[in-house]
Structure formats: C-alpha cells, structure tokens
Amino acid sequence: MKQAKPTIPKGTRDFGPVEMVRRNYIFDIIRTIFKKYGYDPIETPSMENLSTLLGKYGDEGDKLLFKVLNSGNAFSKVDFNDETIENPNALSFKICEKGLRYDLTVPFARFVVQHQSELTFPFKRYQIQPVWRADRPQKGRYREFYQCDCDVIGSHSLVNELEMVQIADEVFTKLDTRVCIKINNRKLLAGLAEVSGFPDKLVDITVAIDKIDKIGLEDVKTELIERGISKEGIDIIEPVLLIKGNTDEKLTIMRKVLANSEIGSKGLDELEELFSLITICGVKQKVEIDLSLARGLNYYTGAIFEVKALDFEIGSICGGGRYDDLTSIFGLPDMSGVGISFGADRIYDVMLGNNKFPTKTISGTKILFSNMGDKEMKYTLPLLKVLRQNGIAAEIYPSKVKFKKQFEYANKKNIPYFAIIGDTEIQSSTITIKELASSEQSEIKLEELITLLKDN
RNA sequence: GUGGGUGUAGCUCAGUUGGUUAGAGUACUAGUUUGUGGCACUAGGGGUCGUGGGUUCGAAACCCAUCACCCACCCCA
C-alpha cells in the first residue's frame, strides 16, 4: 500500500544543492554590485497589512495579492445577513487583514515612512527577498520568486537614474548575459495623451504604440478608434507610430509632437539628460528608448526601465523606475525615489538556457576519506579536523561499507579526491590519495595533502 | 480572467483499429570483484495506467465528470 507522494503548491519550487549554488552565484554578484554603489541592506516581513498593499499596483495587481486569513475565528466580523458578502472580494477583506508582499518597493516606501527619523537621506538601500503573486504560473512565471531591489529615496537627481542603468549594465555584463536595457518616461507618455486630446487614455495609446510592429499602422489606427481616440488625436500621434531609428531621431520627433505639452517636454528633458549622462559614463550593454514601455505598476511618475534578455525568450528580467509620490500615501510627502528590481529566478532561467553558469561553482567537498572500520575511522578523524582547520572541505564516509559504495558517493558528489586510510597508511603515517578523474594514486604525508588541496 | 495540451515504474517516455501476464531507457539492489569507483555482463525488486463513473464478453486505450500539472493570451520579475 503506497502513500500518495507529497506535493508543493502550484507555482512554487524546491531548490536542490546544485540549483542553490547557482542561485547564490547570481545573488552574490548582484549583492556585491549593490554594495559597491553604496546601497545598504534591509529586510521587511513577508506579510504586510493589506491596507499597505492595496491600490498600489493597479486593479490587476490587487487581484494578484495573496491574502492571509485572520487568525482565530476569521469569520467573527462577518455579518451573514449582509448581502454584500456574496461578493468574494468584499468577503475576503472582512476575513483578511494581511497579505503576502507583492514586490519590494511598496514595503520599502512603508519602511521609509515608518523609520524616517532614523534614516539619512538620500537613503540608498538594497533588499533581496521573495515576493508572491497569485498569478497563473507558466514558463518563467512563478507564484513565489526572488526580487533583488536597489532604490534611492529622497533625491530628484537624474544621477540616480544613471546609477540604475549602470548597475543593470554591470550586473548583466558580470553574469555574461546579453540584454537590452529599455528606457522610457511616464511624463512623456502623459504628454502624448495630453496633446492627443485624451489625457485619460494614456494606457490605450501606449498599448497601441506597442502593437505597431506586430499588426501594422492601419490596424493600430483601427484599434485606437475602438478605444475611443478621435481621428484628430490619431493624426497627432501618428508621427510617433512611424518612428524608426536611433535615440537622437526619436527625441527629435518627440520634441516636435510634444512641443505644446509642458509635462511631455519635461519628460523629454529628463530622458535627454539621462542619455547624455549614460554617454559620458559609457555602458557595455545595449541601451535604447522604448516609447511603448509603460509598466503596469501605477506608482511610476518619471523614468521607467525594463530589461529584456537578447538570447532567450522570456518576459522582462529586470524593471524599475521613478516614483515621486509613493511615500505620501503613507503620510510622508515630497520623497521622490527611483529603483530597479532584478528578477533572480528568470535570470537563472536565462543563464541556464544559455549555459552561462561557471562549471567550477558546482564543486563542494574536496576530498572524501574512506571508512575501513572503527579503528581506521578513529585514526582519520583528527586528520579531518586538521584539513578543515585549513579551510579545506573534507568528509569521511560515515560507515564501513564496500569501497564501491564509497567511491560512488564521491563520484556523485563530484569530489575530486578519495583518500584511503588502512593499516598500511597508519603504520607509515601517510595517506593514500587517488585523483578520481585520472585514477592516479600516490602515498603522501598530511602536510603535502594540505598544500595540494589548498592550491586547488 | 480567456483558450489549448498532458497525466502509464523513483525519473524520461513507448504502448498498433479496444484483446491474453503493461514495456523500454535510466536510476535502484545483488553478483562477477571483501584495499580501489566509472565500463561490461548476469539476476532482481518496483505500476489499482491521476481519480470516479459509463460503454463493452473484454478498457491504459472509447465516452462523461473531476482533480492535478504544463503551455499560450493578459500582466509582469
């Protein structure tokens, strides 16, 4: 009679030893670079109050929040005579006060407001923690995944935007992954909606611009009309739809289209300045203006970033932008911030697909000692201790089993050396070591072994 | 939220128009080989064919339901 195998919730994953080594490789590189630019670490709880989370990510985002059932009798506050409880949403807000964090930016804004008196501004922090989204999982889309965020808050300077681009450039270059860093500005999109005569249709216009390469000019126009944009409005937008070419050409055309929009021109000024800063510093990866980039998170107000992998088909692997007003919702106005978030799990998928993990990162234990019995084991243990004191990862096979078994253990764990300690070795105070890859075997002293393994 | 696909051994999967005792590779165990692994050979264990119902003399296969997972759209990391 067999028991059904246990499972884990949809969209979550286990990570084995090999995966963990690789994931840590990514985390370590990102963390090192964050530190180098002057960011300090913080962590926040996995749960926030729902009131902190709701309304920050747009309607879609609200739906994707994992809610946490109140402890105790969660239904004690529910009035079952009230007809509105038939609405599942209304009910869930009565029985849930907490939710799992959806990203790291909103909890960070909450953190800044709550701890404002303890912080030095501009405050630069990094944060590497999992987030949860109740999305339907698919390739590259998980319900639990890690974000690696760095943010500066309390500074309007475009130097901060530059820093985000530099950090992204450096991270992906270090990870040997070719990407395109796409940049846009919300003010510019707002200006575009304004000059078209439909300031509230920002999203519709952006979606249309995005589709131009897929469905062509005529279909985009049709769709814009369906979305309620007038013919005159479309005529104004049309030059934007026809944009081809480099950053300068894009800026020139946008300059003309947005001439009468104050906010649009401001957005252009910012973009232009950011690109001139980027040019001064130089970047290794591809960086371009993408006018179709909108980003759903509705707290962005200025620059927006998104990074796409060039050699692997997957959603964006990194994204961010400037938010002018996120902390004012929590009672602290005039705190502009900008940040960027690396999607570690997708970066992992990209790197795995392109074979970008160094093979060296897989190794752990350097040497395995044989176990030939109680007497031999007791002789070996002090030797092990010396090796470990020298920083060498070493193991002894814990019980006396056939050599075949012990060798197989070493093979499977990719341990490069196998040490044999038996009567012969004890008598002569030596260690017989065998290099498993070459089958070469020699009898050496402990000191020689330490030197050998330290070099590797 | 909308649409598509797949569930057979620990894992990856075959399985003919419905037919006898459900297969392969791999992994596992033992042996050839009790102080020398990988290779080879031999033998062995392991399956209510996702679950429930139906059609049939007969179902892993056909029908219905249900659950789970995967993929695409949407959105994003």
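On a predicted model such as this, the values are computed, not experimentally measured, just so you know. A, B, ... follow the sequence lines: proteins, then strands. Residue 1 opens every chain.
The existence of a salt bridge linking A/Lys405 and A/Glu408 is excluded, since no basic side-chain nitrogen approaches an acidic carboxylate oxygen closer than 4.0 Å. At a threshold of 4.0 Å, the pair A/Lys56-A/Asp103 does not count as salt-bridged, since none of the basic side-chain nitrogens sits closer than that to a carboxylate oxygen.
Partners of A/Tyr323 according to the side-chain hydrogen bond (donor to acceptor under 3.5 Å, both in side chains) rule, which considers only residues two or more places apart in sequence or in another chain, are A/Asp151. A search for salt bridge (charged side-chain N to carboxylate O under 4.0 Å, His left out) contacts involving A/Lys375 returns A/Asp423, not counting sequence neighbours. Here A/Phe111 pairs with A/His115 under the ring-ring contact (aromatic ring centres under 6.0 Å, His included) rule; sequence neighbours left out.
Taken together, the paired segments of RNA chain B that extend over three or more consecutive Watson-Crick or G-U pairs, each closer than 3.5 Å at both contacts, are B:1-7 with B:67-73, B:10-13 with B:23-26, B:28-32 with B:40-44, B:50-54 with B:62-66.
Residues A/Asp325 and A/Ser328 bring a donor and an acceptor atom of their side chains to less than 3.5 Å of each other.
Comparing the P positions of B/G7 and B/C39 gives an interatomic distance of 32 Å, to the nearest angstrom. Taking atom P in both B/U33 and B/U20, one finds a spacing of 42 Å when rounded to whole Å. B/G4 sits 13 Å from B/A65 when the P atoms are compared, rounded to a whole Å. Between the P atoms of B/A22 and B/A59, the separation comes to 13 Å (whole Å). B/A14 sits 14 Å from B/C62 when the P atoms are compared, rounded to a whole Å. Distance check on atom P: B/G58 versus B/G1 gives 41 Å, rounded to whole Å. Taking atom P on both B/U8 and B/C69, the two are 14 Å apart, rounded to the nearest angstrom. A gap of 11 Å separates the P atoms of B/G10 and B/G46, to the nearest Å.
Sorted by residue number, the members of residues 392-408 of chain A with any non-hydrogen atom under 4.0 Å from RNA chain B read A/Lys402, A/Phe403, A/Lys404, A/Lys405, A/Phe407, A/Glu408.
Of the inter-residue distances, the one linking A/Arg346 atom CZ with A/Ile26 atom CD1 reads 13.5 Å to the nearest 0.5 angstrom.
In the set B/C75, B/U36, B/G38, the nucleotide with an atom closest to the side chain of A/Asn411 is B/G38. Listed candidates were B/C74, B/G38, B/U36. Nearest to the side chain of A/Arg141 is B/C74.
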A/Ile314 and A/Lys139: CA distance, side-chain angles, deciding distance, side-chain contact (heavy atoms from CB on, under 4.5 Å) verdict: CA-CA 8 Å; A/Ile314 200 165; A/Lys139 190 173 148 210; 5.8 Å; no

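For A/Gln138, a side-chain nitrogen or oxygen approaches OP1 or OP2 of B/A72 to under 4.0 Å. Put simply, A/Lys139 has no side-chain N or O that comes within less than 4.0 Å of OP1 or OP2 on B/C71.
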Between N or O atoms, less than 3.5 Å apart, protein on one side and nucleotides 50-52 of chain B on the other: list the pairs.
none

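Rounded to whole Å, the distance from CZ on A/Arg136 to P on B/C73 is 14 Å. For the pair A/Ile431 CD1 and B/U36 C1', the interatomic distance rounds to 17 Å; values are reported in whole Å.
The side-chain heavy atoms of A/Arg125 and A/Asp149, taken from C-beta on, include a pair separated by under 4.5 Å.
Looking at every heavy atom in both residues, A/Ile421 comes nearest to A/Ile426 through CG2-CG1, 4.1 Å.
The six-membered or imidazole ring of A/Phe342 lies near that of A/Phe172, with a centre-to-centre distance under 6.0 Å.
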